[in-house]
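The block underneath contains the structure these notes are about, expressed in structure tokens.
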Amino acid sequence: MKSLESFLPPEEDDSKKSPQYGKNTGTEEVHDLDIEVTTKLPASYLISVTYDGKRSAVSLKLYEPKSRKIYSWYDETKHLPYCLTDLPVTELKSVESHQGFDHFETVEKYDALTDREVELTKILAKDPLAIGGRPSGSIRDMIPKAWEANIRYYESYIYDREISTGMPYAVSRGHLIPVDYQPPEEDRKNLDDIFKDENPEFKAYVDRWFKLLECPVPEFRRLALDIEVYSPIATRIPDPREADQKIIAVSLADSDGNKRVLVLKRPDVHEGEGTVPKEVKIEFFESEESMMSEVFRALSEYPIVLTFNGDDFDLSYLYHRAERLKFTREQIPIELSKTSALLSYGAHIDLYKFFFNRSIQIYAFGQRYTEVTLNGVAESLIGVGKVELEHPVSELSYTELVNYALRDAEITLQLTEFDDDLVMKLIIVLARISQLPIEDVTRQGVSGWIRSLMFAEHRRLNWLIPRPEELLELKGVTSTTSIIEGKKYRGAIVVEPKLGIHFDVSVLDFASLYPSIIKRWNLSYETVLCPHPECKDNKIPETTHWVCKKRTGISSKLIGSLKDLRVKWYKPRSKDKKLTAAKRSWYNVIQQSLKVILNASYGVFGSEAFSLYCPPVAESTAAVGRYAITEAIKEATSLGINVVYGDTDSIFIKSPTQEQINKLLEWSNSTLGMELDVDKVYRYVAFSLRKKNYLGVYPDGRVDIKGLTGKKRHVPEFIKEAFLQVIQILSEVISPDEFERARNKIRGIAHQCYERLSKRDFSLAELAFSIMISKPIDRYEKTTPQHVKAAKLLVDAGYEVKPGDVITLIKVKNSLGVKPVQLASIEEVDTKKYMAYMRSTLEQVLDAIGLDFDEILGSTRLESFLWNSDQN
DNA sequence: GCGGACTGCTTACCT
DNA sequence: ACAGGTAAGCAGTCCGCG
């Protein structure tokens, strides 16, 4: 089988008219790219960049939205892989004789760490592996200090050529030409106006981002794939590296609405009851080989292929199964590496990896899904989960199997389609910001994205990218002590909450506190602890660190410009009712992408995994944060404002006058140089004495619950239910005198729970705690927590338990105290334990409203409950 | 040998 | 592999108790 259809642009397509890009975004009103293109290949979106070993050249995959095909383009500039050294050519004789060596060049670079221009030798090689990547004998291992030797070659190529992934390009006479996108003139003017007070250099950054982010995203033709494998033991998942079992079905759902299920014919399998939706095409195969050929044909046809865990399962299984069935390498359109499965033709996006990304989970989707399984993510985001099975996959009838398999492909596809292709757009926007291929952007964490965007900027400015060892040696020190033992430096301040109910509370917070600090205080790896003696008096509060006064830091500029664009442009426009819904939603995608990057921009500098790891930068950011909130509280107090709580970047103030608020906001702007805003206003807030733990009720009755146990996901349903009832009652309280009535109602709920519990009037499911097991069972060496005990019982009973699984357990009266819900019965439930748990959960709320749990139930009844439950 | 005080481990959360 | 700070429950240990 031929894996690549075509590398060259279609000859006949010599467009005379401007192509209409942007028409396919599925959104109305997104402006077309108005460009004159006289080229063989009309503007196409760059999605993927890799190194092709066979051709010894970088290969780019471009998606052309009209033909909806991928075109590959190979580098014609003779760009070569390289690394840098401070040794002169004369001392590099051994390198010269390396078989992969090509030639030397002498280059000038700016070394930001020393603030000096330096002359270096550039060692260019014939192929990337000669620089590094071989277990031994790589050029980078032959020299004492090698710079930029650990950057993947295709990334290095992207940075050197200033290539923008996710952006449109044209190919003319073999050359790759960026398609210049100009945002509408009116937007441009508005933007200029908003940023008119910034210096030209900063404005240039804003302009570059603006052009990158505004460019519309096309519709992508794509296919979701899912395979079902036979398994002799129902609770065992087949090993993809072994691939010793048959693939019995493959489901395919594409973005044009085509739905296919390929089914392997097997003896003794019946058609079964029920029906299959009419639009589904079911194709039976006599042999696995013919079925797989058909799958490979599909994989070689679609520009984008989606899976959920395809890297580690579906595509890996297909690959190894094909090898086992004697397919040749050329017949298998999949390229396996240690951590990913890529495709010869299009791009493979493993949605499991994307949704697993903590930053995506928290900042892009606001914790809307908590369990990263296909079922968990799909149920939360699109409201449809997997088909529930009564029998193992291997025992299903054809009808059941088809319906089951199909659903998986359908929901995998839908995860990229909901909210107007939100996920596809997020991926493209993140690729543009990070300059990474979409395969990488969906697989790497936020530190990889920020690394890439920083490296790209270094190359653009002709800066030397620092070696991590050198950075660590110069700037590995911190000067504060953390509150949590074992952490590297002190973090944020949390203000003691004032106990009780507070009516009319306004919450003020600093807009993007840490990114603002990075911008305003000029924080960057090269500016903190800079080499100039004259800067040493420019101290960061509470630390021994100083900041450069002579140069503006690279991260200060990058993070600062992204932050300002989000705060001043994209966020307001994502809410602007004057714009169309489609535009607002597009601005919201950009706004969210920026948020994901910005929220992590401080943390990465404190993370050893980050290639520009520089703890003093993170430490300084946090220190200035403490300074800002502390000063704000002082100022508020001196203005006569009552501060009842605060955490990191927010202060909660009780019944402030408008004048007091205005004065405080004004003070922050002028004195701290940071924007303080009214984030929200509560009708009332209830605090216990616990930090990060409160209930806020808005004027319209909506409720914010923060940190309270009753909201946590591991808590049994029945406790959540009782908790929510209590919250419901509290949300109806309008004025202080209504609390008495609320108290009585809450009393009723507590009583009811007590009665039901003593009668065991609950299902096991309602009583189950759901706790995630984060490592393999045998890695719990110091202690054996309850969920691990339950997991062990599960394993004994033949279940498979792996990290990331959520264990559902019941507290029972046996020697261990727990049993997994699968093995427990209602008679053995430890009702006393549940009573105690309910009590502590409700207490978090009751404390705040001045109620006592024991008092509510009546101490005698509680005691009798505890005593009674002892008896049975 | 038993139990309360304590520490440390683990999970889930907040910003 | 973005960070540190907080709450809570439980496992395990120490120490006093004639």
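By convention in this document, chain letters (A, B, ...) are assigned in the order of the sequence lines, proteins followed by strands, and residues within each chain are numbered from 1. Side chains included, hydrogens not; waters and symmetry mates left out as well; all remaining heavy atoms used. In this text, all values refer to a predicted model and were calculated from it rather than measured experimentally.
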Which is true for A/Y694 with a 4.0 Å heavy-atom rule: it touches a base, it touches only sugar-phosphate, or it touches nothing?
-> sugar-phosphate
Are A/R702 and A/Y698 in a cation-pi contact, defined as NZ or CZ under 6.0 Å from the six-membered ring centre and within 45° of the axis?
-> yes
Taken in chain and number order and not counting sequence neighbours, the residues that satisfy ring-ring contact (aromatic ring centres under 6.0 Å, His included) with A/F510 are none
Check whether the ring centres of A/F605 and A/Y525 lie less than 6.0 Å apart, and answer yes or no.
-> no
A/G603 near the nucleic acid: base, sugar-phosphate alone, or nothing, with a heavy-atom cut-off under 4.0 Å?
-> base
How would nucleotides 3-13 of chain B be written as a contact map, 5' to 3', with B for base contact, S for sugar-phosphate-only contact and - for no contact, using protein heavy atoms under 4.0 Å?
-> ------SSSBS
Heavy-atom closest pair, residues A/S524 and A/G553 | CB-CA, 3.6 Å
Boundaries of the chain A footprint along DNA chain C (any atom under 4.0 Å from a heavy atom) = C/dA1 to C/dG12
Base, sugar-phosphate alone, or nothing: which one does A/T784 contact when heavy atoms must sit under 4.0 Å apart?
-> sugar-phosphate
Scan A/S650 against the nucleic acid and name what it touches under 4.0 Å (heavy atoms): base, sugar-phosphate only, or nothing.
-> nothing
Hey, does A/Y514 reach any base, or is it just sugar-phosphate, or nothing, if we go heavy atoms under 4.0 Å?
-> nothing
Close aromatic pair by centroid cut-off 6.0 Å: A/F652 and A/Y694 | yes
How is A/E608 classified with respect to the nucleic acid when contacts are heavy atoms under 4.0 Å: base, sugar-phosphate, or nothing?
-> nothing
What's the CG-C1' distance between A/N599 and B/dT15, to the nearest Å?
-> 9 Å
Do the ring planes of A/F718 and A/Y834 sit parallel (below 30°), tilted (30 to 60°) or perpendicular (above 60°)?
-> tilted
